[in-house]
Amino acid sequence: MQYWLMKSEPDVYSLADLEREQHTIWDGVRNYQARNLMRDSMQVGDQVLFYHSNARPPGVAGLATVAQTGLADPSQFDPQSPYFDPKASPDNPRWITVKLSYQDRFKRFVPLDELKAHPELSELMVIRRGARLSVQPVSAADFKLICQLGNSPGTGS
DNA sequence: GCCAACGTTGGC
DNA sequence: GCCAACGTTGGC
(Lines give C-alpha, C1' and ligand atoms only; values in the text may rest on other atoms or scores of the structure.)
Protein backbone atom coordinates (compact mmCIF):
# COMPACT_ATOMS: atom_id res chain seq x y z
CA MET A 1 0.00 0.00 0.00
CA GLN A 2 1.31 3.38 -0.97
CA TYR A 3 0.25 6.90 -0.17
CA TRP A 4 -0.23 9.87 -2.45
CA LEU A 5 -1.23 13.49 -2.56
CA MET A 6 -3.35 14.61 -5.48
CA LYS A 7 -4.13 18.23 -6.25
CA SER A 8 -7.38 19.61 -7.53
CA GLU A 9 -8.61 23.15 -7.81
CA PRO A 10 -11.82 23.16 -5.78
CA ASP A 11 -13.44 25.56 -8.25
CA VAL A 12 -13.01 22.82 -10.85
CA TYR A 13 -13.45 19.66 -8.77
CA SER A 14 -13.55 19.65 -5.00
CA LEU A 15 -13.67 16.98 -2.34
CA ALA A 16 -17.35 17.89 -1.89
CA ASP A 17 -17.88 17.01 -5.55
CA LEU A 18 -16.25 13.64 -4.99
CA GLU A 19 -18.33 13.09 -1.87
CA ARG A 20 -21.49 13.72 -3.88
CA GLU A 21 -20.42 11.48 -6.76
CA GLN A 22 -18.58 8.91 -4.59
CA HIS A 23 -16.33 7.95 -7.52
CA THR A 24 -14.56 9.84 -10.25
CA ILE A 25 -12.18 9.22 -13.10
CA TRP A 26 -9.21 11.52 -12.51
CA ASP A 27 -9.14 13.12 -15.93
CA GLY A 28 -7.22 16.06 -17.32
CA VAL A 29 -3.73 15.24 -16.08
CA ARG A 30 -1.37 16.21 -18.91
CA ASN A 31 1.99 15.87 -17.27
CA TYR A 32 4.12 12.83 -18.04
CA GLN A 33 5.62 12.46 -14.60
CA ALA A 34 2.19 12.51 -12.97
CA ARG A 35 0.86 10.09 -15.58
CA ASN A 36 3.73 7.69 -15.03
CA LEU A 37 3.10 7.64 -11.29
CA MET A 38 -0.56 6.86 -11.83
CA ARG A 39 0.12 4.33 -14.56
CA ASP A 40 3.12 2.54 -13.11
CA SER A 41 3.01 2.94 -9.36
CA MET A 42 -0.56 3.32 -8.15
CA GLN A 43 -2.40 0.26 -6.99
CA VAL A 44 -5.99 -0.38 -6.06
CA GLY A 45 -6.42 0.41 -2.38
CA ASP A 46 -3.74 3.08 -2.20
CA GLN A 47 -4.65 6.06 -0.04
CA VAL A 48 -4.81 9.60 -1.36
CA LEU A 49 -4.67 12.96 0.37
CA PHE A 50 -7.09 15.18 -1.54
CA TYR A 51 -5.40 18.57 -1.79
CA HIS A 52 -7.15 21.79 -2.74
CA SER A 53 -4.83 23.95 -4.82
CA ASN A 54 -5.45 27.49 -5.97
CA ALA A 55 -7.74 27.86 -2.99
CA ARG A 56 -7.77 30.21 -0.04
CA PRO A 57 -6.23 28.70 1.83
CA PRO A 58 -4.73 25.77 -0.04
CA GLY A 59 -4.53 22.53 1.92
CA VAL A 60 -5.62 18.95 2.47
CA ALA A 61 -9.39 18.52 2.57
CA GLY A 62 -9.74 14.79 3.06
CA LEU A 63 -9.08 11.31 1.78
CA ALA A 64 -9.77 9.22 -1.28
CA THR A 65 -8.78 5.71 -2.29
CA VAL A 66 -7.62 4.31 -5.59
CA ALA A 67 -10.52 2.21 -6.87
CA GLN A 68 -9.29 1.24 -10.33
CA THR A 69 -6.07 1.62 -12.29
CA GLY A 70 -5.01 1.56 -15.92
CA LEU A 71 -7.89 3.61 -17.31
CA ALA A 72 -7.54 5.63 -20.49
CA ASP A 73 -8.50 9.22 -19.69
CA PRO A 74 -11.66 9.66 -21.78
CA SER A 75 -11.16 13.40 -22.20
CA GLN A 76 -8.17 12.82 -24.51
CA PHE A 77 -10.56 11.45 -27.18
CA ASP A 78 -13.15 14.21 -26.89
CA PRO A 79 -12.66 17.04 -29.40
CA GLN A 80 -14.91 19.24 -27.27
CA SER A 81 -12.77 18.80 -24.20
CA PRO A 82 -10.02 21.24 -23.27
CA TYR A 83 -7.95 18.12 -22.59
CA PHE A 84 -8.42 16.71 -26.09
CA ASP A 85 -5.21 15.22 -27.48
CA PRO A 86 -5.24 14.76 -31.25
CA LYS A 87 -2.27 12.42 -31.04
CA ALA A 88 -4.14 9.96 -28.82
CA SER A 89 -6.53 7.30 -30.06
CA PRO A 90 -8.53 4.60 -28.26
CA ASP A 91 -6.16 2.05 -29.81
CA ASN A 92 -3.17 4.00 -28.60
CA PRO A 93 -4.11 6.11 -25.61
CA ARG A 94 -1.50 8.47 -24.28
CA TRP A 95 -3.04 9.48 -20.96
CA ILE A 96 -3.64 6.74 -18.43
CA THR A 97 -5.33 7.55 -15.16
CA VAL A 98 -7.11 6.03 -12.18
CA LYS A 99 -10.55 6.01 -10.66
CA LEU A 100 -10.83 7.42 -7.16
CA SER A 101 -13.41 6.66 -4.51
CA TYR A 102 -14.44 9.09 -1.82
CA GLN A 103 -13.25 8.07 1.61
CA ASP A 104 -13.42 10.83 4.19
CA ARG A 105 -13.63 14.52 4.71
CA PHE A 106 -11.23 15.78 7.36
CA LYS A 107 -12.96 17.17 10.42
CA ARG A 108 -10.29 19.84 10.27
CA PHE A 109 -9.10 21.19 6.92
CA VAL A 110 -5.29 21.14 7.11
CA PRO A 111 -3.93 24.28 5.45
CA LEU A 112 -0.60 24.41 3.68
CA ASP A 113 0.76 26.78 6.32
CA GLU A 114 0.20 24.12 8.95
CA LEU A 115 1.98 21.47 6.88
CA LYS A 116 4.92 23.84 6.54
CA ALA A 117 4.99 24.44 10.29
CA HIS A 118 5.68 20.78 11.09
CA PRO A 119 9.39 19.94 10.93
CA GLU A 120 8.47 16.24 10.57
CA LEU A 121 6.94 17.06 7.20
CA SER A 122 10.03 18.69 5.77
CA GLU A 123 10.29 15.99 3.09
CA LEU A 124 6.72 16.49 1.93
CA MET A 125 6.83 17.61 -1.68
CA VAL A 126 3.87 19.95 -1.58
CA ILE A 127 5.47 22.30 0.92
CA ARG A 128 8.38 23.00 -1.38
CA ARG A 129 8.26 26.07 -3.51
CA GLY A 130 7.62 25.30 -7.13
CA ALA A 131 6.46 21.73 -6.48
CA ARG A 132 3.94 21.73 -9.29
CA LEU A 133 3.55 18.00 -9.72
CA SER A 134 -0.15 17.26 -9.30
CA VAL A 135 0.37 13.66 -8.20
CA GLN A 136 2.94 13.23 -5.47
CA PRO A 137 4.09 10.26 -3.40
CA VAL A 138 3.74 10.66 0.37
CA SER A 139 5.49 8.59 3.02
CA ALA A 140 3.43 6.45 5.39
CA ALA A 141 4.60 8.50 8.37
CA ASP A 142 3.68 11.80 6.73
CA PHE A 143 0.32 10.42 5.68
CA LYS A 144 -0.46 9.31 9.20
CA LEU A 145 0.53 12.61 10.73
CA ILE A 146 -1.56 14.59 8.26
CA CYS A 147 -4.56 12.37 9.03
CA GLN A 148 -4.04 13.15 12.70
CA LEU A 149 -3.87 16.87 11.97
CA GLY A 150 -7.14 16.50 10.08
CA ASN A 151 -8.62 14.59 13.00
CA SER A 152 -9.45 11.76 10.66
CA PRO A 153 -8.97 8.09 11.47
CA GLY A 154 -7.87 7.46 7.89
CA THR A 155 -7.11 3.79 7.61
CA GLY A 156 -3.53 4.27 8.58
CA SER A 157 -3.94 2.68 11.96
C1' DG B 1 -2.60 40.39 -10.52
C1' DC B 2 2.25 39.21 -9.84
C1' DC B 3 5.81 36.32 -10.56
C1' DA B 4 8.93 32.30 -9.52
C1' DA B 5 9.40 27.74 -10.86
C1' DC B 6 8.97 24.47 -13.96
C1' DG B 7 7.56 21.87 -18.36
C1' DT B 8 7.16 21.94 -23.31
C1' DT B 9 8.03 23.48 -27.90
C1' DG B 10 10.57 24.41 -31.84
C1' DG B 11 14.40 26.65 -34.43
C1' DC B 12 18.87 25.71 -35.32
C1' DG C 1 20.63 17.79 -28.63
C1' DC C 2 20.87 22.62 -27.05
C1' DC C 3 18.48 26.25 -25.30
C1' DA C 4 15.54 30.46 -25.73
C1' DA C 5 10.88 31.46 -25.83
C1' DC C 6 6.68 30.55 -24.29
C1' DG C 7 2.84 28.59 -21.48
C1' DT C 8 1.15 26.89 -17.08
C1' DT C 9 0.93 26.22 -12.15
C1' DG C 10 -0.14 27.88 -7.97
C1' DG C 11 1.25 30.47 -3.70
C1' DC C 12 1.05 34.94 -2.24
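Chain A is the first sequence line, chain B the second, and so forth, proteins listed ahead of strands; every chain is numbered from 1. These numbers come from a predicted model, not from an experiment.
- Where A:Asn54 and A:Arg132 meet DNA chain B, the nucleotide closest to each residue was compared, and A:Asn54 sits on the side nearer the 5' end.
- The line from CG of A:Leu100 to CD of A:Gln22 is 12.5 Å long, rounded to the nearest 0.5 Å.
- Within 4.0 Å of A:Arg129, counting heavy atoms only, lie sugar-phosphate atoms of the nucleic acid but no base atom.
- A:Met6 has its CE atom 17 Å from the C1' atom of C:dG10, to the nearest Å.
- Aromatic rings of A:Phe77 and A:Trp95 (six-membered ring for Trp) have centroids beyond the 6.0 Å cut-off, not under it.
- Here the P atom of nucleotide C:dG11 and the CE atom of A:Met125 are 13 Å apart, to the nearest Å.
- In this structure, of B:dG7, B:dT8, C:dC12, it is B:dT8 that holds the atom nearest to the side chain of A:Tyr32.
- A:Lys7 has a side-chain polar atom (N or O) that falls below the 4.0 Å cut-off from OP1 or OP2 of C:dG10.
- Rounded to whole Å, the distance from CG on A:Leu115 to C1' on C:dG11 is 13 Å.
- Within the nucleic acid shown, A:Leu112 comes within 4.0 Å of sugar-phosphate atoms alone, with no base atom in reach, counting heavy atoms only.
- By the rule that hydrophobic residues join a cluster once side-chain heavy atoms approach within less than 4.5 Å of another member, A:Leu15 and A:Tyr51 end up as members of separate clusters.
- With hydrophobic clusters built from ILVMFWY side chains whose heavy atoms lie under 4.5 angstrom apart, A:Val48 shares a cluster with A:Met38.
- Between A:Tyr51 and C:dT9 there is no side-chain N or O to OP1 or OP2 distance below 4.0 Å.
- Taking atom CD of A:Gln33 as the reference point, atom C1' of B:dA5 lies 14 Å away to the nearest angstrom.
- Whole-Å rounding puts the A:Arg56 CZ to C:dG10 C1' distance at 12 Å.
- One atom, CG of A:Asn31, and another, C1' of B:dT8, lie 10 Å apart when rounded to the nearest Å.
- Between A:Ile127 atom CD1 and C:dC12 atom C1' the separation is 17 Å, expressed in whole Å.
- Atom P of nucleotide C:dT8 and atom CG of A:Leu133 are separated by 18 Å, given to the nearest angstrom.
- Between A:Trp26 and A:Tyr13, the angle of the ring planes goes over 60°, which puts this pair in the perpendicular group of the 30/60° scheme.
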